[in-house]
S.K.: 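Structure incoming, see below.
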Amino acid sequence: MLITITASVSHSFLSFFYSPSPSSPRTLISSLLPNKLSLRSSFLPFSSFGRRRHHLHSQPTRSVSANTMNASSQKLENPDDLIDSVETFIFDCDGVVWKGDKLIDGVPETLDMLRSKGKRLVFVTNNSTKSRKQYGKKFETLGLNVREEEIFASSFAAAAYLKSIDFPKDKKVYVIGEDGILKELELAGIQYLGGPADGEKKIELKPGFLMEHDKGVGAVVVGFDRYFNYYKIQYGTLCIRENPGCLFIATNRDAVTHLTDAQEWAGGGSMVGAIGGSTQKEPIVVGKPSTFMMDYLSQKFGILKSQICMVGDRLDTDILFGQNGGCKTLLVLSGVTTLQMLQNPNNSIQPDFYTNKVSDFLSLKATAV
Ligand SMILES: O=C(CO)[C@H](O)[C@H](O)COP(=O)(O)O
């Protein structure tokens, strides 16, 4: 069974890990797992600085959480009931708000309607290629009135996670990923190397060639990277395998993404999988479905998770993210998931509601009048 280590900022977990118990973190985490799950020996990337600060929990990506045992989803028929039952809507971006660079029909009007009802709107994306500021520009270009503080990308989550564990000022992060991660690390005051600059680098395998690496790297952050190469794999691998306590952090493990609308393209999970393959370690995942961003948001805005509705197009990231956080969930069929996929007997991830697209909030209301 696939198990993912996820990062959480929940106070209960924090106090749990700060407790003076002599138990090792591995024992503590093991105690949180159902009996049938076990941890592999290389599973926990604790470092000397992260040891007492990590509040990790192991979380199967599906099927063990009680939330994933929901009965079949209901087709959304009374949007007002759902709207009135929560104070915050978290929207996934790709497949919900836009597809690639194309705005999905009816999104601006729907967001305006929700704002006019006093709802808090938050946007969460696993795509780490841009920073919050860069996403702010994208929203603006698409004619959407969204502030940078309302956007939470996995690039930001990686930097926020490192801050939450007091990543030492004298340590560096090796980045396998694009500009968004670099920008967020910079804003967080964290030193880094790698990123797009290593995209051109090649390795000449002459006899006896040995690649040097920076012993001051305390974390490798892996996100979606269109310039992924063997140099980056080897560099990241050396840091994780040879620098004591070096963390392996993944922005997400998404299998596919939408680089063009003609087909699905290999996603961030492919880069993370390569580093997992060479290091034989599991990453700390900070993007969906990890609860790190959910916990972060709920603490930052002081929102009760039961007062949140997560709207997304992917079952194994968005809907699971909402369910793992104890929120209401709405699946829209405007992205990667079809009705057939939702209703396939092998699919156990059932959102509370499903509908075609977010603007159904408006059209269904109109029909009901
Ligand atoms: O970056 C990616 C590739 O790994 C993501 O799969 C993708 O872009 C996810 O976006 P969202 O969370 O907005 O659906």
Side-chain angles (χ1 to χ4, degrees), residues 82-83 86-160 180-181 183-184 187 223-224 251-252 254 257-258 268 286-303 305 307-314 317-322 324-325 327-332 334-336 351 355 357-359 361:
L82 178 59
I83 294 170
V86 294
E87 66 181 36
T88 299
F89 281 89
I90 300 182
F91 288 97
D92 164 50
C93 295
D94 193 28
V96 176
V97 176
W98 57 65
K99 247 185 161 172
D101 284 330
K102 203 171 168 295
L103 188 65
I104 293 177
D105 285 348
V107 169
E109 300 86 326
T110 311
L111 301 186
D112 287 349
M113 180 274 287
L114 291 172
R115 283 198 202 277
S116 74
K117 285 183 161 264
K119 303 297 164 185
R120 178 187 282 109
L121 307 184
V122 176
F123 300 83
V124 174
T125 177
N126 264 0
N127 192 318
S128 61
T129 59
K130 291 184 173 61
S131 63
R132 296 170 97 185
K133 198 179 178 68
Q134 291 168 320
Y135 273 113
K137 293 235 163 61
K138 176 164 182 169
F139 276 97
E140 196 184 316
T141 309
L142 292 171
L144 294 167
N145 179 20
V146 171
R147 286 176 293 115
E148 198 181 312
E149 304 73 55
E150 296 172 315
I151 306 166
F152 294 84
S154 61
S155 50
F156 172 81
I181 300 173
K183 291 256 177 344
E184 293 296 355
L187 283 171
F224 180 69
T251 60
N252 71 80
D254 294 5
T257 186
H258 293 121
V286 293
K288 297 171 288 184
S290 150
T291 54
F292 177 74
M293 279 203 274
M294 186 67 81
D295 294 338
Y296 185 94
L297 291 169
S298 105
Q299 283 176 30
K300 181 173 176 58
F301 295 119
I303 332 167
K305 292 174 188 165
Q307 283 294 316
I308 299 175
C309 176
M310 173 68 209
V311 184
D313 70 314
R314 291 189 198 225
T317 56
D318 305 325
I319 300 306
L320 213 46
F321 175 64
N324 286 337
C327 309
K328 297 201 168 76
T329 53
L330 170 67
L331 177 79
V332 287
S334 50
V336 297
T355 195
K357 51 189 185 311
V358 288
S359 60
F361 273 146

S.K.: Do the non-hydrogen side-chain atoms of M113 and I83 ever get within less than 4.5 Å of each other?
M.R.: yes

S.K.: How long is the gap from OG1 on T251 to CD on E184, to the nearest 0.5 Å?
M.R.: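 Going from the OG1 atom of T251 to the CD atom of E184 covers 12.0 Å.
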
S.K.: Side chain of S334, backbone of G95: donor and acceptor closer than 3.5 Å?
M.R.: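 Yes.
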
S.K.: Please list, one pair per line, the donor and acceptor atoms closer than 3.5 Å that link side chains of residues 101-112 to other protein atoms, with sequence neighbours excluded.
M.R.:
| residue | atom | partner | partner atom | Å |
| --- | --- | --- | --- | --- |
| D101 | OD1 | K138 | NZ | 3.2 |
| T110 | OG1 | G106 | O | 2.6 |

S.K.: When rounded to the nearest 0.5 angstrom, what is the spacing between CD in E148 and CD in E140?
M.R.: 11.0 Å

S.K.: Under a 3.5 Å distance rule, please check whether D313 uses its side chain to pair with a backbone N or O of V336 as donor and acceptor.
M.R.: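 Yes, the answer is positive, given that a donor and an acceptor are paired below the 3.5 Å cut-off.
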
S.K.: Please report the interatomic distance CG(L144) to CZ(F91), rounded to the nearest 0.5 Å.
M.R.: 11.0 Å

S.K.: Are any side-chain N or O atoms of Q307 and backbone N or O atoms of T88, one a donor and one an acceptor, separated by less than 3.5 Å?
M.R.: no

S.K.: Could you tell me whether the side chain of S131 and the main chain of Q134 form a donor-acceptor pair under 3.5 Å?
M.R.: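 The answer is yes, because a donor-acceptor pair under 3.5 Å joins these two groups.
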
S.K.: Below 4.5 Å, heavy atoms only, C-beta onward: do D254 and F224 meet side chain to side chain?
M.R.: no

S.K.: Could you report the tightest heavy-atom contact between C93 and F139, atom names first, then the distance?
M.R.: SG-CZ, 4.0 Å

S.K.: Using 30° and 60° as the class limits, which term best fits the ring planes of F156 and Y296: parallel, tilted or perpendicular?
M.R.: perpendicular

S.K.: Distance-only, no hydrogens or angles: does the N252 side chain make a donor-acceptor pair with backbone N or O of N126 under 3.5 Å?
M.R.: yes

S.K.: Answer yes when E150 and R115 have at least one side-chain N-carboxylate O distance shorter than 4.0 Å, and no when they do not.
M.R.: yes

S.K.: Do the side chains of L320 and K288 get nearer than 4.5 Å, heavy atoms only?
M.R.: no

S.K.: Is the closest side-chain heavy-atom distance between K328 and L82 below 4.5 Å?
M.R.: yes

S.K.: Heavy atoms only: give me the nearest M294-I90 pair and the separation to one decimal.
M.R.: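 In terms of heavy atoms, the two residues are closest at SD-CD1, 3.8 Å.
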
S.K.: What are the two closest non-hydrogen atoms of G223 and S128, and how far apart are they?
M.R.: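 In terms of heavy atoms, the two residues are closest at CA-OG, 3.7 Å.
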
S.K.: What's the separation between atom CG in L121 and atom CZ in R147, rounded to the nearest 0.5 Å?
M.R.: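 CZ of R147 is found 9.5 Å from CG of L121.
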
S.K.: For a 4.5 angstrom cut-off between non-hydrogen side-chain atoms, does Y135 reach F152?
M.R.: no

S.K.: Can you name the closest pair of heavy atoms from L330 and I319 and give their distance?
M.R.: O-CD1, 3.7 Å

S.K.: Just by distance, no angles: are the side chains of T129 and N127 close enough, under 3.5 Å, to form a donor-acceptor pair?
M.R.: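 Yes, N127 and T129 have a side-chain donor paired with an acceptor closer than 3.5 Å.
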
S.K.: Verify side-chain contact (heavy atoms from CB on, under 4.5 Å) between F301 and V122, making sure each step is shown before the conclusion.
M.R.: CA-CA 10 Å; F301 295 119; V122 176; 4.1 Å; yes

S.K.: Here's a test for you: under side-chain contact (heavy atoms from CB on, under 4.5 Å), which of V86, T329, I303 qualifies with I308?
M.R.: I303

S.K.: If only atom types and distance count, is the side chain of K305 paired as donor or acceptor with the main-chain N or O of S298 below 3.5 Å?
M.R.: no

S.K.: Dump the intermediate steps for side-chain contact (heavy atoms from CB on, under 4.5 Å) on D92 and V124, then the final yes or no.
M.R.: CA-CA 5 Å; D92 164 50; V124 174; over 6 Å; no

S.K.: Under 3.5 Å, side chain of S155 to main-chain N/O of K130, donor-acceptor pair present?
M.R.: yes

